Participant: 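My structure is below; once you've seen it, I'll send some questions.
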Amino acid sequence: MKGNEALAEAAIRTGVDAFFGYPITPQSEVLEYLLQEDAQKRTGMVVLQTESETASINMVYGAACAGRRAMTSSSSPGISLMSEGISYLAGAELPGVIVNVARGGPGLGTIQPAQSDYFQATKAPGHGDFRQLVLAPASVQEMADFIPLAFDLAFKYRNPVMILSDGVIGQMMEKVYLPEPRPRMTEFPEWATIGKKPGKERKRITSLNLIPLEHEKHNQKLQAKYRQMEAEEIRYEEYLCQDAEYIMVAYGASARIASRAVEMARAKGIRVGLFRPVTLFPFPAPQIEALSLRVKGFLSIEMSAGQMIEDIRLAVGKNQRVEHFGRYGGLVHVPEEILEAFERFYMEPHGH
Amino acid sequence: MKGNEALAEAAIRTGVDAFFGYPITPQSEVLEYLLQEDAQKRTGMVVLQTESETASINMVYGAACAGRRAMTSSSSPGISLMSEGISYLAGAELPGVIVNVARGGPGLGTIQPAQSDYFQATKAPGHGDFRQLVLAPASVQEMADFIPLAFDLAFKYRNPVMILSDGVIGQMMEKVYLPEPRPRMTEFPEWATIGKKPGKERKRITSLNLIPLEHEKHNQKLQAKYRQMEAEEIRYEEYLCQDAEYIMVAYGASARIASRAVEMARAKGIRVGLFRPVTLFPFPAPQIEALSLRVKGFLSIEMSAGQMIEDIRLAVGKNQRVEHFGRYGGLVHVPEEILEAFERFYMEPHGH
Amino acid sequence: MAKVRGAIVVDTEQCKGCQVCKVSCPQQVIGMSGTVNGKGYYYAYMEHPEACTGCSNCGIVCPDGVITVYRVKEA
Amino acid sequence: MAKVRGAIVVDTEQCKGCQVCKVSCPQQVIGMSGTVNGKGYYYAYMEHPEACTGCSNCGIVCPDGVITVYRVKEA
Amino acid sequence: MDIKDIIRPENRVYKKSDLLYDTTFNFCPGCGHGTIVRLIAEVVQEMGIEHEVIGISPIGCSVLLYDFFRFDVINASHGRAAAAATALKRVMPDRYIFSYQGDGDIAAIGTSETIHTCNRGENITIFFINNAIYGMTGGQMAPTTLTGMKTSTTPGGRLTQESGFPLHFTEMLASLDGTYYATRQAVHTPAAVRKAKKAIRLSLENQKLERGTSVVEFVSNCNSGWRMEPVASNQWMEEHMFPVFPLGDIKCEGKLIQRS
Amino acid sequence: MDIKDIIRPENRVYKKSDLLYDTTFNFCPGCGHGTIVRLIAEVVQEMGIEHEVIGISPIGCSVLLYDFFRFDVINASHGRAAAAATALKRVMPDRYIFSYQGDGDIAAIGTSETIHTCNRGENITIFFINNAIYGMTGGQMAPTTLTGMKTSTTPGGRLTQESGFPLHFTEMLASLDGTYYATRQAVHTPAAVRKAKKAIRLSLENQKLERGTSVVEFVSNCNSGWRMEPVASNQWMEEHMFPVFPLGDIKCEGKLIQRS
Amino acid sequence: MTEEIIIAGFGGQGVLSMGKMLAYSAIMQHLEACWMPAYGPEMRGGTCNVMVSISHDKISSPVLRCFDTAIILNQPSMDKFESAVKPGGVLMYDPNGITRTPTRKDIRIFAVSATEEATRMNEPRIFNMIVLGAYLSVKPFLGLDHVVEGLRKSLPPRNHKLIPLNEKALRVGMGLITQP
Amino acid sequence: MTEEIIIAGFGGQGVLSMGKMLAYSAIMQHLEACWMPAYGPEMRGGTCNVMVSISHDKISSPVLRCFDTAIILNQPSMDKFESAVKPGGVLMYDPNGITRTPTRKDIRIFAVSATEEATRMNEPRIFNMIVLGAYLSVKPFLGLDHVVEGLRKSLPPRNHKLIPLNEKALRVGMGLITQP
Ligand SMILES: Cc1ncc(C[n+]2csc(CCOP(=O)(O)OP(=O)(O)O)c2C)c(N)n1
Ligand SMILES: Cc1ncc(C[n+]2csc(CCOP(=O)(O)OP(=O)(O)O)c2C)c(N)n1
Ligand code: SF4
Ligand code: SF4
Ligand code: SF4
Ligand code: SF4
Ligand code: SF4
Ligand code: SF4
Ligand SMILES: [Mg+2]
Ligand SMILES: [Mg+2]
């Protein structure tokens with residue numbers, strides 16, 4: 001099963017209520033799969049091809065207001081068009097899942113895989129002081145697994161959650177264990193606007209707050225949620241880090257590719273480990289900081305010109321080398337060149 | 001003159017060719033001024049109220065293709081809607097000026113001033129590996145002065161330039177010396193698509209590149225521009241930093257307000273200085289790093305929950321304290337509370 | 001035919017003095033006060049209470065819904 | 001009336017074998033080759049060159065513009 | 001008979017709907033928004049559907065709708081109320097969903113979402129308040145601004161060659177196969193109010209038929225934006241707006257009404 | 001007479017326009033896009049305006065237009081070609097500006113920009129290639145997909161109650177006061193090609209009149225998306241597309257054409 | 001010299017234009033001036049205020065917590081800004097509509113019955129100029145000629161015919177101070 | 001065991017489905033498999049390739065520079081991927097349309113005249129299955145029964161009637177290897 005399809009099938013099985021999407025390579029299979037598999041018939045899930053990504057995200061907003069599990073999926077340019085809408089979700093404290101099967105930019109760029117939307121996903125998915133939780137799957141299995149996880153987190157925090165994937169993970173096929181089907185929700189959160197309950201106060205959902213002091217409080221509440229995420233939701237994976245002298249840091253497809261480079265390095269007797277952030281926000285900064293106390297250097301591997309490296313540097317400080325190796329603009333690095341880059345930085349006599 | 005009006009008048013005087021905008025508080029005066037002053041009659045400038053911010057930015061794109069000085073102006077939610085378009089400008093290497101008179105978010109938020117779009121402006125104005133040059137005016141005078149500067153930079157680098165202002169600077173009035181009127185351009189850059197010249201090759205403008213290796217090269221060229229900006233375009237202002245033991249870092253309205261706090265601190269005998277980044281990208285990291293070697297601590301003052309502070313931390317490393325004080329969600333700090341915050345962090349016995 | 005008589009009650013603190021009710025009253029019942037309310041508006045009141053038929057016109061056009069209308073059939 | 005004769009030249013390497021020209025030829029001049037070109041397509045060619053009137057129909061419908069049409073009035 | 005004998009609960013013939021909170025609307029004096037909001041509350045109350053209705057406020061002067069109605073209301077981003085409505089209705093087909101949108105919101109930035117919602121024939125109601133101006137942001141030109149009309153962005157009056165023509169958005173929506181009902185109303189006189197109320201009711205009742213979208217346009221005033229006194233603005237509206245935006249039904253039961 | 005006596009430069013009656021590069025179009029075999037591109041080049045050449053024309057390619061199968069034409073072409077973001085065209089024309093009123101857009105590009109994501117461009121009556125030409133599908137992305141439903149038509153996102157055929165109705169976008173644009181000329185053409189037969197070419201020419205000539213926007217829709221095939229052989233697709237198009245999207249003029253010289 | 005002022009009242013009372021006039025007048029006198037309105041949504045119907053700073057030196061912060069002078073034109077503003085006057089500063093208010101008079105002892109308080117006076121003069125629109133006149137007499141750092149010049153600058157040309165009336169109002173205001 | 005393969009040719013030659021079948025077959029045999037297509041725009045008309053990794057262990061990188069086996073179905077792919085075969089690896093190609101035969105000496109090279117054979121069998125569509133058969137005989141780590149199972153998995157049910165034909169093609173391919 002393709003990564004995109006596994007994600008779609010997982011959405012059906014885990015009882016997602018609504019999907020709104022607009023075609024774009026390399027993620028069109030998500031929408032296509034849901035319609036071809038007749039998700040609507042299988043679970044009653046609403047699946048709608050929209051007129052644009054702007055419509056998609058605002059439909060997610062609408063369905064989320066009803067307390068439903070709503071999601072959309074797109075690729076880089078389409079995600080940019082959702083910026084305002086994602087900001088509204090965050091401002092109105094609504095859960096929602098956005099999938100970005102990223103491709104190379106900027107602009108139309110290319111349809112080939114890339115990881116150049118890291119900053120957008122983790123720092124500024126839209127205007128205003130807000131964050132979204134970002135999960136970065138590195139296998140078809142995780143494309144499936146992260147759907148229920150993303151919704152659980154979205155509802156726990158009433159906040160948008162992004163699954164930041166890329167063309168490699170979205171298009172590749174591998175073995176996947178699909179989640180057991182679970183029924184769709186029938187009880188909705190108390191904040192959902194599903195019609196005023198007799199005897200209860202009416203509900204309202206908005207991101208507007210005209211009284212600055214109140215709005216600051218609202219923002220402080222949002223910030224507190226992000227701090228809570230940092231405390232509770234960091235996820236990561238270590239591979240051969242125990243005795244490592246050097247750490248490669250990579251997520252998503254890059255992590256898969258880098259893990260091979262690590263194996264190649266180990267075969268040569270070089271003690272390298274791989275640290276894979278699974279959540280990009282919250283970023284596993286404390287874990288990287290801890291590692292930094294006992295290794296000699298870091299190499300950030302990204303299919304971008306270097307974005308995650310800023311978060312690594314923030315975690316590590318200036319007392320440790322942090323280098324970047326990236327292929328980008330649609331190019332995917334191969335394990336061999338990662339190893340070469342590593343050796344260039346750290347193994348050559350005057351590497352500094 | 002209001003900041004917004006000064007900016008509009010400067011646009012007329014410096015021969016901007018086209019303005020496309022959609023109303024939004026607190027920047028609607030820009031569009032209104034241009035139409036009320038009949039910029040079209042005064043200089044032939046095209047001024048058009050658009051149907052949306054999406055249309056605005058794509059019109060800027062169109063006019064920029066013709067080698068014209070084109071700009072738009074909006075406030076936070078409207079800027080989010082421009083994300084895709086800004087990315088296209090960057091990808092197609094087109095000059096263009098985007099003004100963000102920022103307000104509090106996320107979502108609809110509030111119409112009150114804020115600086116919570118720092119991340120968006122400096123790290124991820126859209127999808128893909130690109131940056132825009134960001135100028136942060138701190139006075140009505142700079143609202144006017146930065147228009148010609150922004151266009152000069154936009155054309156020098158063939159890259160979008162953002163003027164990141166806020167509701168305070170946009171709405172306030174103070175003395176301003178307007179630039180001498182200069183004529184509109186009549187010669188257009190050789191890359192402009194203004195009709196194929198006889199005997200010359202046709203021109204094309206696109207952000208698409210289907211061959212990954214070429215697209216990587218294109219992206220490397222873009223990255224080289226950003227490095228050049230970092231080398232050549234950093235702008236900043238220091239106020240009482242010479243003998244300072246502590247540095248407040250603030251831009252835009254916050255810098256104005258913080259400068260008063262610095263004066264108040266000085267009156268109390270506390271040696272505080274103010275460092276004001278004028279360009280937010282490129283960020284004056286080397287200058288801050290240099291300061292960090294001789295002061296005891298930094299305080300980042302932002303009308304946000306803390307965004308620029310990451311750039312300060314990246315510049316300073318972990319061997320120095322960097323603290324944040326912000327009012328946000330539409331609240332504007334007053335000098336007194338900045339001083340109080342400073343004293344809380346740095347003057348109290350067990351401040352750590 | 002029994003004569004119909006009516007009366008209106010204006011929530012003077014919520015009235016914004018727009019006069020839309022005034023021009024909609026077929027009996028010219030409504031006038032505007034000489035003093036302002038807490039929001040600074042001259043509010044509507046029954047200048048000619050005796051003429052009111054309780055037709056509700058004023059109530060249904062008032063943008064702010066501040067008029068309540070009463071109506072009785074006089075015996 | 002002088003008889004009109006025509007001929008076409010197909011850029012066989014650019015032809016994509018779509019057959020749109022073939023069905024548009026009023027004289028059934030065009031046939032498809034038995035072997036493929038460098039892109040893997042069976043390309044169009046004049047199967048009955050003698051019947052061609054040079055009417056240009058094939059040329060103007062060819063989506064890829066790979067047909068050039070010639071025409072002479074036979075004396 | 002004494003006034004206080006008349007003013008008795010049993011004699012009450014008109015009173016603001018119980019579905020409205022006591023707070024004062026944030027609209028300017030005499031603004032038609034208030035009347036429309038009031039009417040919607042009345043109809044919802046009369047239909048007894050306050051537990052089944054979810055309203056959607058736009059970005060515009062009516063953004064605070066959720067502070068007026070005693071039933072569930074959400075706010076959608078500028079222009080996208082129809083998209084939000086589509087989703088709400090699709091996940092809850094048995095609820096009454098309406099959006100309430102200004103002319104800038106619906107016919108400028110929201111053009112696409114609104115058209116495609118109607119084209120899909122979503123079983124929702126769209127209330128479209130056409131005051132020919134951007135009220136909220138201080139009186140800029142809207143798509144429906146009349147030719148020659150002065151606004152803060154058409155200081156010399158709207159020029160069609162510069163800024164285009166007053167857009168007949170409801171007619172456009174009515175032309176779509178998914179639109180079941182489209183009408184244009186006003187609320188500036190008691191007679192208009194009575195008609196408008198019927199249209200509101202019909203538009204909501206239509207949702208049960210599942211035959212498509214209902215659109216009710218209200219030609220309304222914006223005293224602040226037009227820089228007029230309320231009563232004068234209503235007069236001006238009759239004289240200038242109605243000829244361009246004639247009142248009456250545009251599409252009924254899925255059929256376009258032929259008009260001269 | 002021998003073939004090689006016929007094949008002589010002086011006898012040449014048809015040849016691909018010189019304004020096209022020699023590269024092979026990236027379109028699938030038999031795709032109407034190619035013919036339309038070819039015709040535009042021919043008209044530009046015949047009008048002798050290659051130094052004054054700027055084309056705008058969309059996002060869609062025709063994105064690479066700039067690699068085909070020997071005149072200036074820019075690429076606009078998905079759906080926004082009309083906005084880019086507006087700007088290009090306003091800063092260079094003496095240039096010929098056209099956009100070239102697919103049905104997904106223009107009638108889905110680009111709905112708003114296109115409508116407002118026509119409503120402003122920008123003096124540009126819009127070429128609208130209606131193949132009832134998203135070709136580029138692999139054959140998903142487009143706004144113009146026919147009722148019952150199978151696509152990768154309507155595997156059981158388009159259901160109007162789920163996905164709405166085939167959108168008559170050109171008719172919508174024609175209804176706007178700013179639209180001066182609107183026509184629907186095809187390019188699948190020599191006769192259709194000849195007519196279409198005249199329409200293209202007229203639409204470009206109109207720009208000099210400064211009377212508003214010209215829109216030329218082409219009903220076209222998408223063999224890949226429809227999963228048909230090219231010739232069969234053209235037949236299918238005649239049988240299924242033309243009844244829903246009838247060819248012919250829709251608006252001429254600013255006046256709507258009455259059609260049965 | 002630095003003078004930092006807040007003017008607060010209902011929208012429609014001419015709060016912003018009063019501030020603007022002050023700022024323009026200062027600039028006419030070759031001082032630095034900064035005018036910062038609260039442009040919030042409260043403007044519609046609700047309250048409205050503007051901060052004006054005037055100084056010989058470059059003005060640092062346009063936004064302040066405490067002011068040398070507060071000019072208060074309605075009760076909500078009184079509630080909000082009475083405490084914002086610096087000790088020793090000035091609070092000036094129009095008693096019309098004020099239900100709770102200021103109580104602070106460490107500031108100078110002036111009442112100006114400008115509404116009353118304007119009604120008496122049958123020129124309700126010049127109410128704010130009367131207040132401004134009163135302010136100018138309490139804080140006489142701006143020359144009247146500069147104020148009139150500022151007036152000319154801040155009014156659109158079509159309204160210049162109103163200048164004499166406004167000047168008169170200023171003079172009236174200057175004589176209207178009472179200390180409660 | 002780890003086997004890393006690239007299959008490359010024109011779009012329409014069944015490159016992707018060949019890869020898919022390999023991957024499915026491996027999974028049927030309880031191996032790990034990963035299938036990574038190049039989904040670029042070149043797909044339309046142009047070239048097309050897919051990387052397939054099969055292993056006893058978890059597969060790390062889905063993307064590789066060098067391969068154990070390259071299956072090459074047209075000239076551009078030959079130009080691009082001949083050099084990507086690991087020393088000692090396998091290069092298998094259909095000589096139909098190949099104008100420049102491979103020249104490397106450090107790898108094992110096999111030609112499979114699958115196009116020819118398929119034309120002979122009058123079943124042009126099974127061309128790719130013949131190639132696959134040939135591959136299976138060179139790298140016999142997959143049991144034919146698992147391959148047929150994989151076939152069943154990767155074909156939509158409505159096409160299951162084609163399984164016998166495909167199986168036949170596989171067998172034909174297995175006997176078709178020539179070493180040029
Ligand atoms: C994306 C975005 N753009 C612009 C705005 C600013 N804005 C708020 S309301 C409004 C227009 C309101 O006009 P209309 O829809 O006609 O409603 P009215 O106030 O007239 O009732 C605008 C442009 C915004 N909030 N968001
Ligand atoms: C913002 C954005 N959304 C989606 C896409 C993906 N995309 C590329 S082309 C296309 C549709 C093309 O269909 P159409 O306009 O009908 O053109 P055709 O290919 O049929 O000629 C889409 C959705 C994109 N590039 N950008
Ligand atoms: S219509 Fe209502 S708000 Fe207006 S004056 Fe009458 S009572 Fe007051
Ligand atoms: S009820 Fe009728 S008669 Fe009485 S005041 Fe109202 S409008 Fe006039
Ligand atoms: S129409 Fe053109 S491309 Fe198609 S077969 Fe004929 S010559 Fe070849
Ligand atoms: S020119 Fe006319 S007759 Fe000759 S091949 Fe072409 S279509 Fe046929
Ligand atoms: S600005 Fe206009 S539309 Fe808005 S409340 Fe005031 S009068 Fe009504
Ligand atoms: S996918 Fe369809 S529209 Fe695109 S080139 Fe192929 S046939 Fe033409
Ligand atoms: Mg409006
Ligand atoms: Mg299409």
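Quick caveat: nothing in here was measured; it's all calculated off a predicted structure.
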Participant: Please step through side chain to side chain contact (heavy atoms under 4.5 Å, CB included) for the pair E:Leu64 and A:Thr206, ending with a clear verdict.
Facilitator: CA-CA 9 Å; E:Leu64 292 178; A:Thr206 181; over 6 Å; no

Participant: Checking A:Lys200 against chain E: side chain, backbone, both or neither under 4.5 Å from a heavy atom?
Facilitator: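 Contact with chain E: none, neither part.
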
Participant: Nearest heavy-atom pair of A:Ala55 and E:Ala83: which atoms, and what distance?
Facilitator: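 Between these two residues, the closest heavy atoms are O-CB, 3.9 Å.
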
Participant: Is a donor on one side and an acceptor on the other found under 3.5 Å between the side chain of E:Arg95 and the backbone of A:Ile194?
Facilitator: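 Yes, the answer is positive, given that a donor and an acceptor are paired below the 3.5 Å cut-off.
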
Participant: When rounded to the nearest 0.5 angstrom, what is the spacing between CZ in E:Arg80 and OH in A:Tyr61?
Facilitator: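 With rounding to 0.5 Å, CZ (E:Arg80) is 13.0 Å from OH (A:Tyr61).
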
Participant: For chain A, which residues from residues 39-47 of chain E lie under 4.5 Å away (heavy-atom distances)?
Facilitator: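 The stretch does not come within 4.5 Å of chain A.
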
Participant: Which of residues 68-79 of chain E get closer than 4.5 angstrom to chain A, counting heavy atoms alone?
Facilitator: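 Listed by number, the contacting residues are E:Phe69, E:Arg70, E:Phe71, E:Asp72, E:Val73, E:Ile74, E:Asn75, E:Ala76, E:Ser77, E:His78.
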
Participant: Can you measure from OG (E:Ser57) to CD1 (A:Ile205) and round to the nearest 0.5 angstrom?
Facilitator: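 With rounding to 0.5 Å, OG (E:Ser57) is 11.0 Å from CD1 (A:Ile205).
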
Participant: Using only atom types and a distance under 3.5 Å, with no angle test, would you say the side chain of E:His116 pairs donor to acceptor with the backbone of A:Glu51?
Facilitator: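 No, the answer is negative, given that no donor and acceptor are paired below the 3.5 Å cut-off.
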
Participant: Considering only heavy atoms, which portion of E:Asn119 lies under 4.5 Å from any heavy atom of chain A: side chain, backbone, both, or neither?
Facilitator: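 For E:Asn119, neither part sits under 4.5 Å from chain A.
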
Participant: Measuring heavy-atom distances to chain A, does E:Ile56 have an atom under 4.5 Å in its side chain, in its backbone, in both, or in neither?
Facilitator: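 E:Ile56 has no heavy atom closer than 4.5 Å to chain A.
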
Participant: Measure across A:Val46 and E:Arg90 and return the closest heavy-atom pair with its distance rounded to 0.1 Å.
Facilitator: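 Minimum heavy-atom contact is CG2-O, 3.5 Å.
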
Participant: Taking all non-hydrogen atoms of both residues, which atom of A:Ser52 and which atom of E:Glu113 are closest, and how far apart?
Facilitator: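 Looking at all heavy atoms of both residues, the closest pair is OG-OE2, 4.1 Å.
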
Participant: Using a cut-off of 6.0 Å, state whether more than 12 heavy atoms not belonging to A:Lys41 lie near its atom NZ.
Facilitator: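 Open: at most 12 neighbouring heavy atoms sit under 6.0 Å from NZ of A:Lys41.
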
Participant: Where on E:Thr86 is there a heavy atom nearer than 4.5 Å to chain A: the side chain, the backbone, both, or neither?
Facilitator: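 For E:Thr86, side-chain heavy atoms alone lie under 4.5 Å from chain A.
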
Participant: Can you tell me how far the CD1 atom of E:Ile109 sits from the CD atom of A:Glu84, to the nearest 0.5 Å?
Facilitator: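 That separation rounds to 6.5 Å.
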
Participant: At a heavy-atom separation under 4.5 Å, does E:Val91 approach chain A through its side chain, its backbone, both, or neither?
Facilitator: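 When you check distances to chain A, atoms from both the backbone and side chain of E:Val91 fall under 4.5 Å.
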
Participant: Give a yes or no on whether the backbone of E:Glu50 and the side-chain of A:Arg202 come within a donor-acceptor separation of less than 3.5 Å.
Facilitator: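 Side chain of A:Arg202 to backbone of E:Glu50: no pair is present.
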
Participant: I need the residue from E:Asp67, E:Ile49, E:Thr117, E:Ile59 with the largest number of non-hydrogen atom pairs under 4.5 Å to chain A.
Facilitator: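 Result: the option with the highest number of such pairs is E:Asp67.
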
Participant: Can you tell me how far apart CG (A:Asp17) and CE (E:Met92) are? Round to the nearest 0.5 Å.
Facilitator: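 If I round to the nearest 0.5 Å, the distance is 11.0 Å.
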
Participant: Looking only at heavy atoms and a cut-off of under 4.5 Å, which of A:Ala66, A:Ser56, A:Ala64 has the most pairs with chain E?
Facilitator: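 Max contact count across the listed options: A:Ala66.
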
Participant: Do you know which of A:Ala92, A:Pro198, A:Gly91, A:Gly44 has the most heavy-atom pairs with chain E at a distance under 4.5 angstrom?
Facilitator: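 Greatest number of close heavy-atom pairs with chain E: A:Pro198.
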
Participant: Are E:Arg120 and A:Leu48 close enough, and set up right, to give a side chain to side chain contact (heavy atoms under 4.5 Å, CB included), and what steps lead you there?
Facilitator: CA-CA 11 Å; E:Arg120 285 189 304 264; A:Leu48 185 63; 4.1 Å; yes

Participant: Atom CD of residue position A:Glu187 - does it have more than 12 heavy atoms of other residues, nucleotides or ligands inside 6.0 Å?
Facilitator: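 For A:Glu187, atom CD is not crowded (no more than 12 foreign heavy atoms under 6.0 Å).
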
Participant: Using non-hydrogen atoms and a 4.5 Å limit, figure out which bit of E:Ile97 sits close to chain A: side chain, backbone, both or neither.
Facilitator: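 Neither; nothing under 4.5 Å.
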
